[in-house]
Amino acid sequence: MNICVFLSAADLDERYTGPARDFATLLGKSGHTLVWGGSDTGLMKVVADGVQEAGGRLVGVSVDFLAHKARPNADQMVIAGNLAERKALLLAKSDAIVVMVGGTGTLDEATEILELKKHGKHSKPVVLLNTAGFYDGLKAQFRRMEDEGFLPLPLTDLAFFADDGREALAHLEAEIGSR
């Protein structure tokens with residue numbers, strides 16, 4: 001499976017890097033391919049290292065103004081002209097999406113992917129990996145949106161919130177396997 005992972009390129013502490021490394025090892029050992037923003041810095045590097053060290057493939061999609069941070073030894077690296085093109089390529093190259101911890105760029109990617117799914121532009125499973133409760137507030141906001149009629153379909157049809165990497169990967173494998 002080609003699994004797109006949206007996540008931060010920032011250097012973060014162990015409460016995020018440890019679980020990210022564990023998830024990456026699971027992906028690699030399971031024979032999956034990481035599709036990611038291509039950066040060789042911060043949490044992106046941690047995940048790419050873990051997947052590669054565990055035998056998985058790396059497909060990066062960087063963007064022209066960040067190309068100098070692109071991982072040099074990825075199995076494939078594409079340089080997009082802008083962020084919109086990058087997001088489209090990441091979605092096109094993946095079978096499933098995992099949203100890990102991140103900042104505004106990660107949130108932008110996640111909401112666009114969910115908006116496209118809401119409108120039927122893709123049917124790929126989306127998991128928000130809620131490491132250390134990072135997405136508790138977003139989950140509450142989505143539930144409020146659902147309860148107050150802002151979502152035209154159930155939240156469970158849009159996204160799955162996983163507490164750890166094992167739960168995230170099990171959900172994706174079950175979703176893809178049932179198709």
Quick one: do [X] and [Y] end up in the same hydrophobic cluster if we chain Ile, Leu, Val, Met, Phe, Trp and Tyr together by side-chain heavy atoms under 4.5 Å apart?
X	Y	result
Leu83	Val99	no
Val126	Phe134	yes
Leu34	Met77	yes
Trp36	Phe65	no
Ile79	Leu90	yes

Given 3.5 Å as the limit, does a donor-acceptor pair link the side chain of [X] with the main chain of [Y], or not?
X	Y	value
Ser30	Leu27	no
Lys29	Gly55	no
His171	Phe160	no
Asp40	Lys69	no
Arg86	Val61	yes
Lys117	Asp157	yes
Glu85	Gly81	yes
Glu146	Leu155	yes
His32	Asn2	no
Tyr135	Met100	yes

So Leu91 and His122, do their side chains get closer than 4.5 Å, heavy atoms only?
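Sidechains of Leu91 and His122: in contact.
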Looking at [X] and [Y], what are the two nearest heavy atoms and their distance?
X	Y	answer
Ala20	Val46	CB-CG1, 4.5 Å
Asp95	Ile176	O-CD1, 3.5 Å
Ser8	Gly102	CB-CA, 3.7 Å
Gly165	Phe23	CA-CD1, 3.4 Å

Could you check whether [Y] and [X], counting side-chain N and O atoms only, form a donor-acceptor pair closer than 3.5 Å?
X	Y	answer
Asn130	Asp136	yes
Glu115	His119	yes
Gln52	Arg71	yes

Nearest-0.5 Å distance, [atom1] of residue [X] to [atom2] of residue [Y]:
X	Y	atom1	atom2	answer
Leu138	Leu107	CG	CG	6.5 Å
Thr17	Asp49	OG1	CG	11.5 Å
Thr131	Asp163	OG1	CG	9.0 Å
Leu172	Met1	CG	CE	5.5 Å

Audit row: Lys87, Glu112, salt bridge (charged side-chain N to carboxylate O under 4.0 Å, His left out) steps and yes/no:
CA-CA 9 Å; Lys87 288 185 284 190; Glu112 182 165 330; 2.6 Å; yes
Exactly one of Val101, Val5, Asp11 should register a side chain to side chain contact (heavy atoms under 4.5 Å, CB included) with Leu43. Which one does?
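The passing option is Val101.
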If we check side chain to side chain contact (heavy atoms under 4.5 Å, CB included) with Cys4, which of these qualifies: Thr33, Ile113, Ile97?
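Of the listed options, the one satisfying the test is Ile97.
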Taking NZ, NE, NH1 and NH2 as the nitrogens, is one of them in Asp13 or Arg15 under 4.0 Å from a carboxylate oxygen of the other?
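Yes, charged N to carboxylate O under 4.0 Å.
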